Amino acid sequence: MEPRDAAGLRGCAAGLRWSPAGRPAGRQCVAANGAMKKLISQAIREALHTLEAGHPGFDADAVDFQVTPPTRRDHGDWATNAAMIASGLLEVRDRRGLAEMLAAALRFPEGTVERVEVAGPGFLNFFVDDRWYQHLVGRIVAADQSYGRLTAGDGQSVLAEFVSANPTGPLTVGHGRNAILGDVLARLYEWAGYTVTREYYFNNAGRQMRVLGESVRARYLAQLGRPAEFPEDGYQGEYIVDIAAALRAEHGEGVADASLDLFRSAAERAIFQDIRVTCERLGIRFDSFFNEQSLYDDGSIDAVVAALRAQDLAYDQDGAVWFRSTACGLDRDVVIIKSSGEPTYRLPDMAYHRQKLRRGFNHLVDVFGADHIDTCQEVLAAVRALGDSTDRVHVVIYQFVTLQRGGQVVKMSTRKANFETLDDLVEEVGADAVRYFFAMRSPRSHLEFDLDLAKKRANDNPMYYVQYAHARISSLLAKPEAAELQPTPLDLAALEHEAERHLVTTLALLPETLQRALAEHEPHRLTTYAAEVATAFHAFYDRCPVLAAPDRRIGRARLELTRAAGIVLRNILRMIGVAAPESM
RNA sequence: GUCCUGGUAGCUCAGGGGAUAGAGCGCCUGCCUGCGGAGCAGGAGGUCGCAGGUUCAAAUCCUGCCCAGGACGCCA
């Protein structure tokens with residue numbers, strides 16, 4: 001925890017002197033992570049409390065103000081709407097006057113906030129002392145790989161369930177988006193101190209798998225020249241033919257009369273192996289594969305039905321068992337056990353979610369395609385009805401993906417033989433591009449994946465733009481001249497160019513960015529931020545010579561700033577899961 | 001027909017109560033005898049789908065409508 005007391009913060013200001021080694025002379029006091037925003041927020045809160053005395057009935061803690069980086073440079077480094085929000089609660093009409101009062105009540109330690117201005121309709125604009133930012137450069141370098149680390153997790157556990165495709169065929173491009181969203185979120189949780197279990201839920205029983213086995217058997221028999229009827233709704237993909245060929249290579253004609261189960265399980269093994277390989281190519285490893293069957297075996301499924309019945313939330317009609325979801329506020333009741341006696345997919349899903357909660361995880365993350373929205377609500381409604389809170393279940397719904405090549409939409413049809421698999425995509429554009437591009441858009445937005453752009457080794461490609469910045473930094477730091485600058489005493493006060501300041505202020509936002517990406521479950525904030533850092537660095541690089549700086553003092557400080565930028569880029573790229581190359 | 005997501009620059013998309021709405025690409029103009037020009041600086045380009053409403057303040061929240069995609073099955 002950051003020290004809250006003013007004494008701790010004053011100690012920080014005193015720590016602005018630097019030793020030649022580039023480490024703080026005193027103890028590191030205010031942690032680099034989001035410290036300034038927190039400092040300002042606390043100061044505002046305390047200032048609001050001073051208003052309570054003159055305004056009976058005013059609750060300073062009820063003011064839900066925000067502290068945000070303003071869009072315009074001349075509005076300072078941070079801004080707050082606190083006075084305007086408070087004026088509403090106080091029914092004060094002179095909002096600027098209130099803002100003035102609030103500003104006058106603000107107290108900041110030396111070397112943190114230099115000045116506060118009242119502007120516009122009643123904003124408070126905070127101008128951070130240059131020394132604080134200069135200090136930050138040193139803190140970033142000192143923190144290195146842990147700069148931006150969050151502490152929210154504090155040993156809690158998270159179960160991230162994603163991909164979860166049944167082993168009936170290769171992963172599709174759509175699964176790719178699912179996989180990347182899930183894995184990036186898992187990385188964020190880990191980075192915040194959570195213990196994360198990546199789980200893949202699957203079902204290897206049921207009709208789909210039966211049809212799969214029949215499809216393989218038909219191909220196998222056909223290859224032997226025997227009469228074989230291909231199932232009407234069979235899987236037509238080329239991979240089925242490959243699996244059949246593998247069986248023929250292994251057994252010859254020996255399994256021609258074998259049970260369907262042999263074909264089914266051979267297909268499952270082969271397909272799962274492919275899925276695993278595809279995921280590993282993308283840097284994703286699951287900690288566990290959860291078989292739906294186990295929910296039948298251990299009685300969890302029956303228990304859900306019994307519990308629903310006990311609460312009159314399940315009833316029989318037309319030979320089927322229904323979940324009374326209308327009693328939970330949903331639009332319609334749904335079938336959980338078909339008249340054939342087979343459960344619909346919802347029922348095991350309910351049992352699964354219930355069990356995930358009971359396995360003791362503090363948080364659950366589910367990543368689902370847009371077509372699962374309704375289902376998901378039914379499942380969660382049932383879980384709640386059975387007495388488990390779903391407050392800690394975070395469902396990430398993502399919209400579909402389209403591929404584009406040469407300006408044309410690439411048709412994708414899962415049932416047909418001819419479709420672009422996730423593996424094809426990785427093959428074509430590389431794992432890094434797949435990860436970056438899938439992480440790049442808001443999950444809620446349709447994602448158009450431009451294959452040509454993803455392959456380009458040019459600045460059109462946002463990933464290359466970011467990676468190039470990192471490579472440029474690495475290259476610069478590796479120069480002999482950089483080593484010669486190292487012994488020069490570090491004086492970060494030499495950083496005063498506008499481009500330098502803009503770069504540091506951007507670097508300062510890493511913790512804030514990570515925190516929001518995690519809290520909102522929005523990985524695209526990472527790529528957006530990475531591009532901003534790269535832009536700020538390139539601008540700095542262009543205007544502020546480092547190795548050829550006017551003097552060694554400036555050069556040394558810029559070298560440190562360059563190092564800090566490299567650290568931020570590397571840390572953010574690691575969250576996205578793509579390489580931070582030394583050279584390209 | 002009901003429900004869910006989107007609709008922001010020519011294109012792909014950020015922003016999602018706050019000040020003069022942003023980025024990349026594309027287009028136009030400049031910048032290499034200097035650390036990677038895979039870069040930088042500048043310019044043109046917008047009724048934030050439409051119409052109402054709430055608010056001191058709406059691209060953002062609410063309602064209706066229009067488009068696009070998805071879901072509405074005893075498929076998963």
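Proteins get letters first, then strands, A, B, ... in listed order; numbering begins at 1 in each. Remember, predicted model here, so these are calculated numbers, not experimental data.
- At B/G6, none of the side-chain N or O atoms of A/Ser445 fall inside 4.0 Å of OP1 or OP2 (strictly under the cut-off).
- When heavy atoms are screened at a 4.0 angstrom cut-off, A/His538 is found touching the sugar-phosphate backbone but no base atom.
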For nucleotides 22-28 of chain B, which of its nitrogen or oxygen atoms have a protein nitrogen or oxygen under 3.5 Å away, and what is each distance?
none

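- Heavy atoms of A/Ser339 sit under 4.0 angstrom from at least one base atom.
- Contact between the side-chain N/O atoms of A/Arg444 and the OP1/OP2 oxygens of B/G6 is found at a separation under 4.0 Å.
- The listed nucleotides are B/C13, B/G34, B/A76; the one nearest the side chain of A/Glu448 is B/C13.
- Residue A/Arg516 is in sugar-phosphate contact alone, with no base atom involved, counting any heavy-atom pair closer than 4.0 Å across all strands shown.
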Summary of protein contacts for nucleotides 67-73 of chain B, nucleotide by nucleotide, where a base hit scores B, a sugar-phosphate-only hit scores S (4.0 Å, heavy atoms): --SSSS-
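- A/Asp450 comes within contact range of no nucleotide atom at all, as no heavy-atom separation falls under 4.0 Å.
- Ring orientation note: the planes of A/Phe368 and A/His353 are tilted relative to one another, at an angle of 30° to 60°.
- By the 30° and 60° cut-offs, the orientation of the rings of A/Phe286 relative to A/Phe162 is tilted.
- If you check B/G15, B/A76, B/C35 against the side chain of A/Thr375, the one that comes closest is B/A76.
- Ring-centre distance between A/Tyr541 and A/Phe537: below the 6.0 Å cut-off.
- For A/Lys479 and B/G34, the shortest distance from a side-chain N or O to OP1 or OP2 is not below 4.0 Å.
- Among the heavy atoms of the strands lying under 4.0 Å from A/Cys544 is at least one base atom, whether or not backbone atoms are also near.
- If you check B/C74, B/G15, B/G36 against the side chain of A/His524, the one that comes closest is B/G15.
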Candidate pair A/Tyr436 and A/Tyr464, rule ring pair (Phe, Tyr, Trp, His ring centres under 6.0 Å), full reasoning: CA-CA 10 Å; A/Tyr436 199 93; A/Tyr464 275 91; 9.6 Å; no
Kindly list each side-chain donor-acceptor pair under 3.5 angstrom involving residues 440-447 of chain A, sequence neighbours excluded, with atom names and distances?
unit_1	atom_1	unit_2	atom_2	d
A/Ser442	OG	A/Arg444	N	3.3
A/Arg444	NH2	A/Glu522	OE2	3.3

Dot-bracket notation for RNA chain B, counting Watson-Crick and G-U pairs under 3.5 Å, with | for partners on another strand: (((((((..((((....[...)))).(((((.......))))).....(((((..]....))))))))))))....
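- Of the candidates B/A76, B/A38, B/A41, B/A38 carries the atom nearest the A/Met584 side chain, counting heavy atoms from C-beta on.
- OP1 and OP2 of B/C13 both lie 4.0 Å or more from every side-chain N or O belonging to A/Arg525.
- Across all strands shown, A/Ala469 has no heavy atoms under 4.0 Å from either base or sugar-phosphate atoms.
- Of all nucleotides listed (B/A14, B/G18, B/C40), B/A14 comes nearest to the side chain of A/Arg441.
- Taking the C1' atoms as reference points, B/G26 lies 31 Å from B/C35, given to the whole Å.
- At the heavy-atom level, A/Thr68 lies nowhere under 4.0 Å from the strands shown.
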Stepwise ring pair (Phe, Tyr, Trp, His ring centres under 6.0 Å) test for A/Phe272 and A/Phe202: CA-CA 10 Å; A/Phe272 245 135; A/Phe202 71 99; 4.8 Å; yes
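- Only the P atoms considered, B/G24 is 9 Å distant from B/A41, to the nearest whole Å.
- Side-chain proximity of A/Asn125 to the nucleotides B/A19, B/U12, B/C74 is greatest for B/A19.
- Look at A/Tyr464 and the base of B/A38; the rings do not stack under the cut-offs of 5.5 Å between centres and 30° between planes.
- Evaluation of the ring pair (Phe, Tyr, Trp, His ring centres under 6.0 Å) rule for A/Phe437 yields A/Phe449 as partners, not counting sequence neighbours.
- Across all strands, A/Met440 comes closer than 4.0 Å to no nucleic acid atom at all (heavy-atom distances).
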Nucleotide-resolved protein contact map, nucleotides 43-49 of chain B, B/S/- at heavy-atom distance under 4.0 Å: -------
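- Nucleic acid contact class of A/Ala119 (heavy atoms, under 4.0 Å, all strands): base.
- Among the protein residues, A/Asn81 comes within range of the nucleic acid bases, having at least one heavy atom under 4.0 Å from a base atom.
- Between A/Phe290 and A/Tyr352, the two ring planes are tilted [angle within 30° to 60°].
- Of the candidates B/G18, B/C35, B/A76, B/C35 carries the atom nearest the A/Leu476 side chain, counting heavy atoms from C-beta on.
- When the nucleotides B/A38, B/G15, B/C40 are ranked by their closest atom to the side chain of A/Asp542, B/C40 comes out on top.
- Counted by atom type alone, A/Glu268 and A/Asn204 present one or more donor-acceptor pairs between their side chains at under 3.5 Å.
- Straight-line distance between the P atoms of B/U5 and B/A58: roughly 24 Å, to the nearest whole Å.
- Salt bridge present: A/Glu428 and A/Arg405 bring a charged side-chain N and a carboxylate O closer than 4.0 Å.
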